[in-house]
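Quick notes on the structure that follows.
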Amino acid sequence: MLAEIKGLNEECGVFAIWGHEKAAEMTYYGLHALQHRGQEGAGIVTTDGEKLNVHKGVGLINDVFSEGEVSRLQGHAAIGHVRYATQGGGGFENVQPLVFRSQTNSMALAHNGNLVNAHALKNQLEAQGSILQTTSDTEVIAHLVKRSGNVPMEEAISSALGMIKGAYAFSILTEDQLFIGLDPRGLRPLSIGRLGDAYVVASETCAFDLIGATYEREVKPGELIVIDDDGFRTKQFTSPMQRTLCSMEYVYFSRPDSDLNEKNVHASRKTMGKQLANESPIEADVVTGVPDSSISAAIGFSEATGIPYELGLIKNRYVGRTFIQPSQELREQGVKMKLSAVRGIVEGKRVVMVDDSIVRGTTSRRIVRLLKEAGATEVHVRIASPPIQNPCYYGIDTSTKGELIAANNSIEEMREIIGADTLSFLSTEGLEASIVEDRDRMQHGVCQACFTGNYPTEIYPDTVIPAYKD
Ligand code: SF4
């Protein structure tokens, strides 16, 4: 589905490398593979052992970096970040990695996720005299680290991690050390790989493939990794908890060629489509998926039912982001420019339209209309995830409850609103079974809080919902 018009957005992508003579270049390529996780800002910080070098800016990676800027970033280690502006809003000051310089040492920090107690921590820090320069909660982590005083960085970071709550996958670079950490529930994805003798870390394994690195393992929930000239060390900063990796990573956000928790995203989506077909079968002539993220589920639906899969909807590539427009009328036009129904495929046919999720319903309504205008006689909408009824507090912009169509309408009401002939969603059990193997269920659960309302962490009364965008 098309994130810009759907109102469902990932917050960030993180990349890090240690022990490579072209660290900045590798990070630049790694960030390209993660560009789908954030298009509003990008940055790279390297260390040459004596000082941190930084370049970052607002926009796509290609807007922010030229060849000269990448080669200027000298050093054997780097961290990089792409961001979508939810928590803290847009603007240059919030583009990561954030860099903090002091007389003793400097520190750069890149983070994916949302802290659920950031608001309380900010108040506490300000009351104690800290001056926050950004509106991002990432800065809170940095202040907590700095506040520990003259202790080794590893200790300072561990102490800061004891105070923050929520979802975070982060990298911290100093002049001579790289730190990698994941929240105690492992809500956000983070993997470790090797590139020759170098260590690499990325939000998604597709970044490893692009630079020729090999996957080693997932960062464990509650794990803090330290990499420096003495090698690779790891420790648990909390006692082990069951992992609850975000199920929307499998449904929608991650690239189909990535593996999360050693499970391929495309394969998981296909299983979701099969499961959906088993739960909500329908008689029809063709199955089509809403490009790009729903195609895998549509193929699964087709395989399970024997109804042929066809490219009934085509994404119009090269349509710029300038088409994101606030007015309803221009939004309608925007969808027409981003998607086309293929008349030769759908005319006179009963069409199953598989989509990954419904947020506000406006996009689904437009696509159903596109298919009907192109001559489809019936449009049966099948959604490869359960209804989104609750906001996400962990770094995904799913809108507030009032804007979520499923929070305010029954399935029959939603069917009527979007103009479909039938509408069905995948069950929460079906989604979990598509992602998690039975044998793994004890260790690797998934978060489904936006569907069920069962949040895997404490939610504070002043927990900030990421700002709604679009
Ligand atoms: S609430 Fe939903 S979007 Fe947020 S982490 Fe959980 S599954 Fe992912």
Side-chain angles (χ1 to χ4, degrees), residues 1 3 6-14 36-38 84 86-87 111-118 137 164-170 182-190 203-204 218-219 221 241-255 258 260-261 263 265 268-269 272 293 297 355-360 383-401 403-407 425-436 441 444-460 463-470:
M1 177 38 77
K6 193 166 199 175
L8 192 58
N9 294 282
E10 177 61 72
E11 193 176 343
C12 302
V14 174
H36 61 289
R37 299 180 72 86
Y84 166 77
T86 53
Q87 186 69 281
H111 157 244
N112 173 29
N114 254 31
L115 305 185
V116 293
N117 63 338
D137 61 1
I164 61 176
K165 300 198 186 314
Y168 51 89
F170 70 81
L182 187 61
D183 67 75
R185 286 286 185 188
L187 277 150
R188 303 260 65 89
L190 200 60
S203 294
E204 283 184 47
E218 301 286 303
V219 178
M241 287 178 166
Q242 191 198 40
R243 185 163 198 190
T244 52
L245 176 58
C246 169
S247 57
M248 284 302 287
E249 290 281 355
Y250 291 94
V251 169
Y252 174 73
F253 290 114
S254 292
R255 266 180 36 170
S258 286
L260 302 176
N261 247 344
K263 183 111 197 241
V265 171
S268 303
R269 286 182 188 159
M272 287 169 210
S293 54
D355 201 353
D356 48 73
S357 52
I358 296 187
V359 183
R360 291 167 307 173
I383 304 297
S385 64
I388 299 176
Q389 295 179 308
N390 305 281
C392 173
Y393 297 101
Y394 304 126
I396 302 295
D397 172 9
T398 50
S399 314
T400 57
K401 203 157 179 156
E403 290 156 331
L404 295 169
I405 186 174
F425 290 81
L426 183 62
S427 65
T428 50
E429 298 76 20
L431 175 60
E432 190 181 10
S434 306
I435 299 170
V436 186
R441 200 155 286 166
H444 302 299
V446 285
C447 175
Q448 296 205 52
C450 48
F451 312 123
T452 62
N454 297 326
Y455 294 94
T457 72
E458 205 172 335
I459 299 295
Y460 295 76
T463 297
V464 180
I465 301 169
Y468 176 60
K469 203 162 183 323
D470 178 10

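As the structure lists them, so they are numbered: ligands from 1, and atoms in each ligand from 1. If you read the sequence from its start, that first residue is 1, and numbering goes on from there.
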*Using salt bridge (Lys or Arg N to Asp or Glu O under 4.0 Å) as the criterion, list what pairs up with Lys263, not counting sequence neighbours.*
Glu437
*Could you tell me whether Arg255 and Glu204 make a salt bridge, using a distance below 4.0 angstrom between a side-chain N and a carboxylate O?*
no
*Relative to each other, are the rings of Tyr394 and Tyr455 parallel, tilted or perpendicular (30° and 60° limits)?*
perpendicular
*Any donor-acceptor pair under 3.5 Å from Arg243 side chain to Gly186 backbone*: yes
*Under 3.5 Å, is there a donor-acceptor pair between the side chain of Tyr250 and the main chain of Leu260?*
yes
*May I ask you to determine how many protein N/O/S atoms are under 2.8 Å from atom 6 (Fe) of ligand 1?*
1
*asked:* Nearest 0.5 angstrom please: Asn114 CG to Cys12 SG, how far?
replied: 8.5 Å
